[in-house]
**Student:** 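Sharing a structure here in structure tokens format.
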Amino acid sequence: MPSLFPHPLHDWNLTPTQAVALQRELACRIERRDRIGEVRRIAGVDIGFEQGGEVTRAAVVVLDYSSLEMIDQVVSRVATCMPYIPGLLSFREVPAALQAFAELPSELRSEVDLLMVDGHGIAHPRRMGVAAHLGLWLDLPSLGVAKKRLTGRHGDVADERGAWTPLMDGEETLGVVMRSRQGVKPIFVSPGHRLSVDTATQWALACLGRYKLPEPTRLADRLASRRGQKS
DNA sequence: GCGACAG
DNA sequence: ATCTTGTCGC
């Protein structure tokens, strides 16, 4: 198990002001350069809610990279700890995601080489979206795939599968806006931890199947949402 | 004060 | 995110 932060990063009961302060601190630890080895296992993560929001349901799926087939899945439920506040999504979702991760067979959990999370990575006001936060916590290369923009500006994206245009904030490139499928609204891809924008983009493209969302996130989405039926 | 605002 | 039926289009 990875680990360790010198501070009480384990305390998820923070006030919005404290959470923002923690994000600023953690953002310095995010590695934007590639630090990733051979990829054989990719984990997809997404969160859903039940009981009118009182229960948070986290889904983690592990896929084999070459076939993009799911080889295992975990769905766990925990009490919701925080309301949704734009910019502070990770404080609401990461606890549940970690619980689901902990429930993965240990041997499989240790084989995960890359994390794909539903939400943004560094394409965040303080560069600490949920994908960055989770990647940092688990010390794994990570990228975020979101369906809507949170911050940054971009031009039009050609209506052709695989087309993309950079997501910018001034001179800083935060990620890309990608047409994952023709005729649908584009997705927002950004690196989380230990990944460059280019590499994050390549992995998003590599994981594209016949749907709008890349396979890891799509499969996790189905389980976290209500459709994936039972568990 | 007025918008914008991941899931 | 979630609440919700049918409907338009490939």
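Here is how names work: the chains are called A, B, and so on, in the same order as the sequence lines, proteins then strands, and each is numbered from 1. Model, not experiment: these values are computed from the prediction.
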**Student:** Which part of the nucleic acid, if any, lies within contact of Ile187(A), taking any heavy atom under 4.0 Å across all strands shown: a base, the sugar-phosphate backbone alone, or nothing?
**Tutor:**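 No contact at all - Ile187(A) keeps every heavy atom at 4.0 Å or more from the nucleic acid.
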**Student:** Any chance you could encode DNA chain B as dot-bracket? Rule is Watson-Crick or G-U wobble with both distances under 3.5 Å; [ ] for pairs crossing earlier ones, | for another strand.
**Tutor:** .......
**Student:** Just by distance, do the side chain of Ser190(A) and the backbone of Gly175(A) share a donor-acceptor pair under 3.5 Å?
**Tutor:** no
**Student:** Is a side-chain donor or acceptor of Thr217(A) paired with a backbone partner of Pro214(A) at a separation under 3.5 angstrom?
**Tutor:** no
**Student:** Quiz question: by atom type and distance under 3.5 Å, do the side chains of Gln23(A) and Arg126(A) form a donor-acceptor pair?
**Tutor:** yes
**Student:** Throw together a table of side-chain donor-acceptor distances under 3.5 angstrom for residues 147-157 of chain A, partners on residues two or more places apart or in other chains.
**Tutor:**
from	atom 1	to	atom 2	distance (Å)
Lys147(A)	NZ	Asp118(A)	OD1	3.3
Lys147(A)	NZ	Asp118(A)	OD2	2.8
Arg149(A)	NH1	Gly152(A)	O	2.9

**Student:** Can you give me the first and the last nucleotide of DNA chain B (5' to 3') that has an atom within less than 4.0 angstrom of a non-hydrogen atom in chain A?
**Tutor:**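 Contact span on the strand: dA4(B) to dG7(B).
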**Student:** Under a 3.5 Å cutoff, is there a donor and acceptor pairing between the side chains of Asp64(A) and Ser66(A)?
**Tutor:**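 The answer is yes; a qualifying pair exists.
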**Student:** Convert the base pairs of DNA chain C into dot-bracket notation, remembering that pairs crossing earlier ones are written with [ ] and that bases paired across to another strand are shown as |; include only Watson-Crick or G-U pairs under 3.5 Å.
**Tutor:** ..........
**Student:** Look up atom OG1 in Thr56(A) and atom CD in Gln51(A), then write down how far apart they are to the nearest 0.5 Å.
**Tutor:** 11.0 Å
**Student:** So, do Met178(A) and Pro186(A) sit near enough that their side-chain heavy atoms are less than 4.5 Å apart?
**Tutor:** no
**Student:** Determine, for Glu215(A) against Arg210(A), whether the closest basic-nitrogen to carboxylate-oxygen distance falls under 4.0 angstrom.
**Tutor:**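 Not counted as a salt bridge, because no side-chain N and carboxylate O are separated by less than 4.0 Å.
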**Student:** Do the charged groups of Arg194(A) and Asp34(A) touch, with an N to O distance under 4.0 Å?
**Tutor:** no
**Student:** Could you check whether any side-chain heavy atom of Asp139(A) comes within less than 4.5 Å of a side-chain heavy atom of Arg35(A), counting everything from C-beta outward?
**Tutor:** yes
**Student:** Produce the list of close N/O pairs, under 3.5 Å, pairing protein atoms with atoms of nucleotides 2-7 of chain C; give distances to one decimal.
**Tutor:**
from	atom 1	to	atom 2	distance (Å)
dT2(C)	OP1	Phe49(A)	N	3.4

**Student:** So if I take residues 120-129 of chain A and measure heavy-atom distances to DNA chain B, which residues fall below 4.0 Å?
**Tutor:**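 Under 4.0 Å from DNA chain B: His120(A), His124(A), Gly129(A).
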**Student:** Which ring-ring contact (aromatic ring centres under 6.0 Å, His included) pairs, counting each pair once, include a residue from residues 16-49 of chain A, with sequence neighbours left out?
**Tutor:** none
**Student:** Test Ser142(A) against Leu134(A) for side-chain contact (heavy atoms from CB on, under 4.5 Å), laying out the working first.
**Tutor:** CA-CA 8 Å; Ser142(A) 67; Leu134(A) 191 57; over 6 Å; no
**Student:** Please give me every residue in residues 78-87 of chain A whose heavy atoms get under 4.0 Å of an atom in DNA chain B, ordered by residue number.
**Tutor:**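 The answer is Tyr84(A), Pro86(A), Gly87(A).
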**Student:** In the structure I gave you, are the side-chain heavy atoms of Leu174(A) and Phe188(A) within less than 4.5 Å of one another anywhere?
**Tutor:**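 They are not in side-chain contact.
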**Student:** Mind running side-chain contact (heavy atoms from CB on, under 4.5 Å) on Asp221(A) and Leu219(A) for me, showing each step along the way?
**Tutor:** CA-CA 5 Å; Asp221(A) 199 88; Leu219(A) 295 170; over 6 Å; no
**Student:** If only side-chain N and O atoms count, and only distance matters, is there a donor-acceptor pair under 3.5 Å linking Thr199(A) with Gln202(A)?
**Tutor:** no
**Student:** Taking side chain as C-beta onward, heavy atoms only, is Leu22(A) less than 4.5 Å from Met128(A)?
**Tutor:** no
**Student:** Does any N or O in the side chain of Asp113(A) come within less than 3.5 Å of the main-chain N or O of Arg41(A), such that one atom is a donor and the other an acceptor?
**Tutor:**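 At least one qualifying donor-acceptor pair exists.
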**Student:** Taking only residues two or more places apart in sequence, or in another chain, which ones meet Glu38(A) in a side-chain hydrogen bond (donor to acceptor under 3.5 Å, both in side chains)?
**Tutor:**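 Expected list: Arg40(A).
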**Student:** Got a list of side-chain donor-acceptor pairs under 3.5 Å for residues 83-103 of chain A, not counting sequence neighbours?
**Tutor:**
from	atom 1	to	atom 2	distance (Å)
Ser90(A)	OG	His133(A)	ND1	2.8
Arg92(A)	NH1	Met82(A)	O	2.6
Gln99(A)	NE2	Glu103(A)	OE2	2.5

**Student:** Where along residues 163-170 of chain A does a heavy atom come under 4.0 Å from DNA chain B, residue by residue in number order?
**Tutor:**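 Per residue number, the list is empty: none.
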**Student:** Return a table of donor-acceptor pairs under 3.5 angstrom between the side chains of residues 162-169 of chain A and protein atoms on other chains or two or more places apart.
**Tutor:**
from	atom 1	to	atom 2	distance (Å)
Asp169(A)	OD2	Arg127(A)	NH2	2.7

